[in-house]
Protein chains: 2
Amino acid sequence: MKTDIERRSWTQNPEAVKQDILSVAISEFAAAGLSGARVDTIASRTRTSKRMIYYYFGDKLGLYTRALEAAYLKVREGEAALNLDHLPPREALTRLVAFTFEHHRQNPDFIRMVMIENIHNAEHLASSQVIRDMNIAAIDKLAAICRRGQEIGVFRDGLDPVALHWQISAASFFNVSNRPTFSAIFGAELFEEDAQERIRQQTVDSILAVAELRPLSSSE
Amino acid sequence: MKTDIERRSWTQNPEAVKQDILSVAISEFAAAGLSGARVDTIASRTRTSKRMIYYYFGDKLGLYTRALEAAYLKVREGEAALNLDHLPPREALTRLVAFTFEHHRQNPDFIRMVMIENIHNAEHLASSQVIRDMNIAAIDKLAAICRRGQEIGVFRDGLDPVALHWQISAASFFNVSNRPTFSAIFGAELFEEDAQERIRQQTVDSILAVAELRPLSSSE
DNA sequence: TCAAAAATGTTCTATTCGGTACATTTGGTC
DNA sequence: GACCAAATGTACCGAATAGAACATTTTTGA
C-alpha cells in the first residue's frame, strides 16, 4: 500500500526526456515499422509518459521523422571518423568499402529505419535537408578518392562516384537488410563470421575491379 | 429507388474469388506493409466482400502468408523461362545477371513483399517449403554455370554459387528496394533508363570479375 | 427432388490505438 | 516570494479495424 499522500515530484530535464524518447522510438520503429510501432509501447519503454511524446513531437509521424533523422545522424557520425586522405587511392577505396560493409553490419537499426522509409517511398526523408547534406558529404569523400586515383593513373576515367557509392551501398545494405529471408532460404552459414569476411572481400574485389584501370572481359 | 425485392444472386466461383483476393492483397501489402494494410481496403478493391477473405484465408496473417507465397511463385515462374544451358559459361553468367537485374526492376511488388518480410524477420517465409524449393532451384541453375566455367578453365576454383547469388541479388534488389531513399538523397538521374543500363553493365562487370580466372589486385 | 454442404452477402462488435482534456509541479525572473 | 511559462503526470475518448454473427443463395449428390 502506498501512503495517502502521493509523491508526484520530478526534476525537469527536457533534453534528456527528448533523447530518451528518440532512442526508444528508433528501436521501436526499426523493429515494427511505422504503422506497426505503437505509441503506447514506445511510451511504456520510456522513463516518461505518452504525454511527453505528443508534447515534444506533435504526433506519431513527427516522432517517426525525428527518429529517422536521429538514426542518420548517429550513423554518419561514425563514418565521419574515417580519414583516408593519407592513403594511396587503391588502399583508400579498399578501406572505405570494408569499413562501410562492417559499419552497416553494426547498425542494423539504422538499416531497418531506411528499409521502412523506402517502404514509404521516402516521403519523410524528402523533407529533411539535414539528411541530404550528410550524404552529399559522404559522396564528396568518395569523389576525392576517385579523383586522386585518376590523377596517378590507377583508376579509369569516367568513374561515377555516385554509381560507385550505389554499388558499395548495395552490397553493404543488402547484407543486413535481407539477411532474414536469405537465411531462411539458403541457410545462415553465409552470415557466420568467417563467411562474412569472405563476402566482404568479394565485395571489395568486385568494386576495385570496376574502379581500376584494367581490362574487363565484357569490354572486349 | 430500388425495387422492394432485392436481387442478391450470384454464381459461385471459388478459384476466381481466391485469385482476385490474392492479387489485390499482394498490391495492398506491397504498398502498405503487413500492419499498414487494411483488410477493409483489400476487401473493397475486390469483386467480393470481406467475408470471403476470412472464409478462405482465416485471418489477416493467413492472407499475408498466402500473398507472399503467390508473389514468389509469380516471379520465379518468370525466371524459369530463362534457359542458358546452350551458352558458354561466361556468356551465360552475363545473361543471368542482366536478366535478374531487369526482372527485379519489372517486379517491384515482389521486391516490396520481400522487404516487408525482412522487416518481420522472415517469420512467415520460414514455414513455406514451397518458397525454399523455388530458390534452391535458382541456385542450382547458377551452380551449373559455375561448374561448366570451371571445367573449361574460365572461372576460378572455389567459387561459391550461393555467394555469387548473394552478390547478384544484392545489386538487383537494392536497385529497386532503395530507389526512393537513394533518389531523395542523390537525385533520380541514376534511375533513368540510360543510367540504369550503365549500372547494369557495372553490375555484370563486377560479378564477372570475381568469377573469372584473372588476377584481382587485392590478391597480390 | 430434396437435403446437405459450400459459397456468398450483410450487419454488428470488441478492442486497440492515436490523440486530447484536465490537473499538477518545477523553475526562472522581476 | 509571487507570478508565469515550461514541463510533466493522469485519465479519458472517439475513430478505426480485425474479426464474428447471422442470413441467404447456389451447387451437389443420393
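- Between D/dT26 and B/T11, no contact under 4.0 Å exists linking OP1 or OP2 to a side-chain N or O.
- In this structure, A/L34 atom CG and C/dC17 atom P are separated by 14 Å, rounded to whole Å.
- Ring pair A/F182/A/F186 is tilted by interplanar angle, where 30° to 60° counts as tilted.
- Residue B/R51 places a side-chain atom within donor-acceptor reach of the base of C/dT8, judged by atom type and a 3.5 Å distance cut-off alone.
- Put simply, OH on B/Y54 is 20 Å from C1' on D/dA23, counting in whole angstrom units.
- In this structure, of C/dT8, C/dG18, D/dG19, it is C/dT8 that holds the atom nearest to the side chain of B/P14.
- Side chain to side chain, B/S206 and A/Q167 meet the donor-acceptor criterion of an N or O pair below 3.5 Å.
- The side-chain heavy atoms of A/L63 and A/Y56, taken from C-beta on, include no pair separated by under 4.5 Å.
- Between A/E79 and A/R76 there is a salt bridge, with a side-chain nitrogen of the basic residue lying less than 4.0 Å from a carboxylate oxygen of the acidic one.
- Side-chain atoms of A/Y55 lie closest to D/dA6 of the nucleotides C/dA7, C/dC17, D/dA6.
- In this structure, the CD1 atom of B/I53 is 11 Å from the C1' atom of D/dG19, given to the nearest Å.
- Across A/R112, A/R38, A/R45, a single residue satisfies salt bridge (Lys or Arg N to Asp or Glu O under 4.0 Å) together with A/E28, and that is A/R45.
- In this structure, A/E15 atom CD and D/dA6 atom P are separated by 15 Å, rounded to whole Å.
- At least one side-chain nitrogen or oxygen of A/R38 sits closer than 4.0 Å to the OP1 or OP2 atom of C/dG18.
- Nearer to the 5' terminus of DNA chain D, by closest-nucleotide assignment, is the contact made by A/R47 (compared with the other of B/A37 and A/R47).
- When the side-chain nitrogen and oxygen atoms of B/S49 are compared with OP1 and OP2 of C/dG9, one or more of them lie within a distance under 4.0 Å.
- Rounding to whole angstrom units, CG of residue B/L63 and P of D/dT17 are separated by 16 Å.
- Whole-Å rounding puts the B/D40 CG to C/dC12 P distance at 15 Å.
- Taking only distance into account, the side chain of A/K60 never meets the base of C/dG19 through a donor-acceptor pair shorter than 3.5 Å.
- Checking A/Y56 against A/K50, the closest nucleotide of DNA chain D that is more toward the 5' end is the one next to A/Y56.
- Following rounding to the nearest Å, A/M52 (CE) and C/dT20 (P) show an atom-to-atom distance of 15 Å.
- The distance between atom CZ of B/F57 and atom P of D/dG19, rounded to the nearest whole Å, is 14 Å.
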